[in-house]
Amino acid sequence: MSRFDQVINRKNTNSVKWDTKKIFGMEDVLPMWVADMDFPAPDEVIDALHSRADHGIFGYTMPGTNTEIAIQGWLKTRHNWEIDKDIITYSPGIVTAISIAIQAYTGSEDKIVVQPPVYYPFFEMAKKHKREVLYNQLILNSDNRYEIDFADLEEKLSDNMTKMFILCNPHNPGGRVWSKEELTKIGELCIKHDVLIISDDIHSDLLLFDSHYTPIASINKAFAEQTITCIAPSKTFNLAGLQASAVLITNDTLKRKYNAVLQLYGLMTVNTFGSDAMEAAYKHGEKWLNELIHYLEGNVRFIENFLNEHLPEIKVMRPEATYLVWLDARNLKKTDDELKNLLLTKGKIALEPGSKFGKNGAGYLRMNIACPRETVKDGLDRLKNALT
């Protein structure tokens, strides 16, 4: 039995995911929507947190050299990317980092490009800052994979008021891992039109089916100078509640601007437990992660087989990364509101509606599969009950 088969009760723990009455108004809903895992963190991370708790003093904390060495080592061994520790700065989370970047690098008249269907805080955060959002819609090819419309992307980047492009690599919700060739085209266009790249790489460790990830900033020095890369152990090791992310900024001028906004909002320190957990995860978490990836691949195959047999109208976009499965339910001819209502009231299951990620996500559903196989089966049975 895999360690990931253990079902742990998370109800009544103030879990955004599992305390469903606060979110959906009912308690008997199976939550497979928000992106956190139902798996315990690696033992080494839990031990590090116990050690910190046993110390008993939780004063102001700054990430130390050992944390920076752990980040460097992880990127080198896992992704073949060698960085200088001086490019590392921090944020409580990547959405926070994107918000800080918008404040630091754009003005109220500027425009920001995103690629829907995509993680919705990208455009929501831009709108909250009163920035105009330009949508470079991803294209669905004949292999049921997303591709980039580069002609449209250049058109939007060439707008004189476009100052920022937010990249999702790997892509959420589609699970695409952008190739080095695609990333090179993006980098060249952004340099040509002097547009800053904010690259959200939070899912970069969760590579499935032998996919290969390339950090855009690792391709060449020019791209590194034009890119802010956001990483975190939060998705990889299920540490989102510890509020610790790293932001990698090679360009010293850009780094100073970013840190100035951090200081403006009083975010100069990091969570004590988050810093220790990040260090332990990046130092000792590789074996655990390899086992997790194997388990997630099994969940993907299980879902594909189930839907093919019981709900063939729903097509699976097999993820190359992440623990999120993008389900194409357009053949059911139902609106997102109709799907959501059926899932909640009849199936007692919560999935993310596709239109939340952009208008070209309408008719899709995002399912979080980072849970025991037993939970996945329960979710699929509920999905079948809702839709048949």
Side-chain angles (χ1 to χ4, degrees), residues 41-42 44-45 47-49 51-52 61-94 96-97 100-101 167 169-170 177 180 183 187 197-207 211-240 242-256 258-259 262 267-290 292-293 321:
E44 294 86 351
V45 173
D47 290 343
L49 294 175
S51 179
R52 171 58 74 172
T61 300
M62 59 181 179
T65 302
N66 287 338
T67 305
E68 293 166 348
I69 290 172
I71 293 170
Q72 285 179 300
W74 182 260
L75 292 173
K76 182 178 180 179
T77 58
R78 198 77 188 178
H79 303 304
N80 196 32
W81 185 21
E82 294 192 45
I83 66 165
D84 191 295
K85 67 180 179 61
D86 292 336
I87 78 169
I88 302 171
T89 187
Y90 298 92
S91 169
I94 289 182
T96 306
I100 291 168
L167 173 68
N169 182 36
V177 182
K180 185 176 181 179
L183 294 169
I197 302 166
I198 309 297
S199 189
D200 177 357
D201 294 21
I202 196 169
H203 292 282
S204 57
D205 299 321
L206 296 162
L207 301 173
S211 298
H212 179 73
Y213 151 80
T214 302
I216 190 170
S218 73
I219 294 175
N220 59 49
K221 184 177 180 181
F223 291 0
E225 291 285 320
Q226 198 83 4
T227 301
I228 313 296
T229 304
C230 304
I231 64 169
S234 51
K235 301 299 182 194
T236 309
F237 300 104
N238 205 22
L239 306 176
L242 294 178
Q243 299 286 285
S245 302
V247 183
L248 312 177
I249 311 176
T250 300
N251 185 310
D252 191 57
T253 300
L254 294 177
K255 186 181 178 187
R256 287 199 302 270
Y258 176 90
N259 285 338
L262 269 184
L267 296 172
M268 297 83 68
T269 59
V270 296
N271 182 293
T272 301
F273 288 94
S275 177
D276 283 16
M278 178 186 291
E279 181 181 327
Y282 284 149
K283 278 186 176 179
H284 306 295
E286 188 162 38
K287 181 176 183 294
W288 182 95
L289 176 59
N290 290 338
L292 169 69
I293 287 170

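- Under the ring-ring contact (aromatic ring centres under 6.0 Å, His included) criterion, Phe273 pairs with Phe58, sequence neighbours left out.
- By the side chain to side chain donor-acceptor pair (under 3.5 Å) test, Thr61 pairs with Thr272, sequence neighbours left out.
- Taking the side chain to side chain donor-acceptor pair (under 3.5 Å) definition, one finds that Tyr213 meets it with Asp201, sequence neighbours left out.
- Proximity of a side-chain donor or acceptor of Tyr282 to a complementary backbone N or O of Glu68 within less than 3.5 Å is not detected.
- Contact check for Asp276 versus Leu242: no side-chain heavy atoms found under the 4.5 Å cut-off.
- For the atom pair CE (Met278) and CG (Asn271), the distance works out to 10.0 Å, reported to the nearest 0.5 Å.
- Checked against side chain to side chain contact (heavy atoms under 4.5 Å, CB included), Thr96 has the following partners two or more places apart in sequence or in another chain: Ser91, Pro92, Ile100, Leu267.
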| task | Quick one: do Ile249 and Asn259 satisfy side chain to side chain contact (heavy atoms under 4.5 Å, CB included)? Show the steps, please. | result | CA-CA 10 Å; Ile249 311 176; Asn259 285 338; 6.0 Å; no
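- Applying the ring-ring contact (aromatic ring centres under 6.0 Å, His included) criterion to Phe237, with sequence neighbours excluded, gives Trp74, Trp288.
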| request: Please test Leu248 against Leu75 for side chain to side chain contact (heavy atoms under 4.5 Å, CB included), starting from the C-alpha separation and ending with a verdict. | output: CA-CA 11 Å; Leu248 312 177; Leu75 292 173; 3.8 Å; yes
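- Put simply, CD1 on Ile202 and OG on Ser245 are 5.5 Å apart, with the number rounded to the nearest 0.5 Å.
- Taking Lys283 as the reference, Glu279 meet the salt bridge (Lys or Arg N to Asp or Glu O under 4.0 Å) condition, with sequence neighbours excluded.
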For residues 223-230, tabulate all N or O donor-acceptor pairs below 3.5 Å that involve a side-chain atom, not counting sequence neighbours.
| unit_1 | atom_1 | unit_2 | atom_2 | d |
| --- | --- | --- | --- | --- |
| Glu225 | OE1 | Asn251 | ND2 | 3.3 |
| Gln226 | NE2 | Val195 | O | 3.1 |
| Thr227 | OG1 | Phe223 | O | 2.7 |

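- Between Ile198 and Ala101, the closest heavy-atom pair is CD1-CB, 3.8 Å.
- Distance CD1/Ile94 to NE2/His203: 8.5 Å, rounded to 0.5 Å.
- In terms of heavy atoms, Leu289 sits closest to Asp205 at CD2-O, 3.7 Å.
- For Ile69, the side chain to side chain contact (heavy atoms under 4.5 Å, CB included) partners are Thr65, Asn66, Gln72, not counting sequence neighbours.
- To the nearest 0.5 angstrom, Ile88 atom CD1 is 4.0 Å from Ile83 atom CD1.
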| said: With side chain to side chain contact (heavy atoms under 4.5 Å, CB included) as the criterion, how do Leu239 and Val45 come out once you've worked through the C-alpha distance, each side chain's angles and the decisive distance to 0.1 Å? | reply: CA-CA 9 Å; Leu239 306 176; Val45 173; 3.9 Å; yes
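- For Arg78, the side chain to side chain donor-acceptor pair (under 3.5 Å) partners at least two apart in sequence or on another chain are Glu286, Asn290.
- The line from CD1 of Ile216 to NZ of Lys180 is 11.5 Å long, rounded to the nearest 0.5 Å.
- A 6.0 Å sphere centred on CG of Asn220 holds more than 12 heavy atoms belonging to other residues, nucleotides or ligands.
- Contact detail for Ala281 and Pro233: the closest heavy-atom pair is CB-CB, 4.4 Å.
- In this structure, Lys221 has no salt bridge (Lys or Arg N to Asp or Glu O under 4.0 Å) partners at least two apart in sequence or on a different chain.
- Val247 places none of its side-chain heavy atoms less than 4.5 Å from the side chain of Lys255.
- Contact record, Ser204 with Asn169: CB-O, 4.5 Å, taken as the closest heavy-atom pair.
- With sequence neighbours excluded, the residues that form a side chain to side chain contact (heavy atoms under 4.5 Å, CB included) with Ser211 are Val177, Glu320.
- Partners of Lys76 by side chain to side chain contact (heavy atoms under 4.5 Å, CB included), not counting sequence neighbours, listed by chain and number: Glu82.
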| Worked verdict on Asp252 versus Asp86 for side chain to side chain contact (heavy atoms under 4.5 Å, CB included) | CA-CA 9 Å; Asp252 191 57; Asp86 292 336; over 6 Å; no
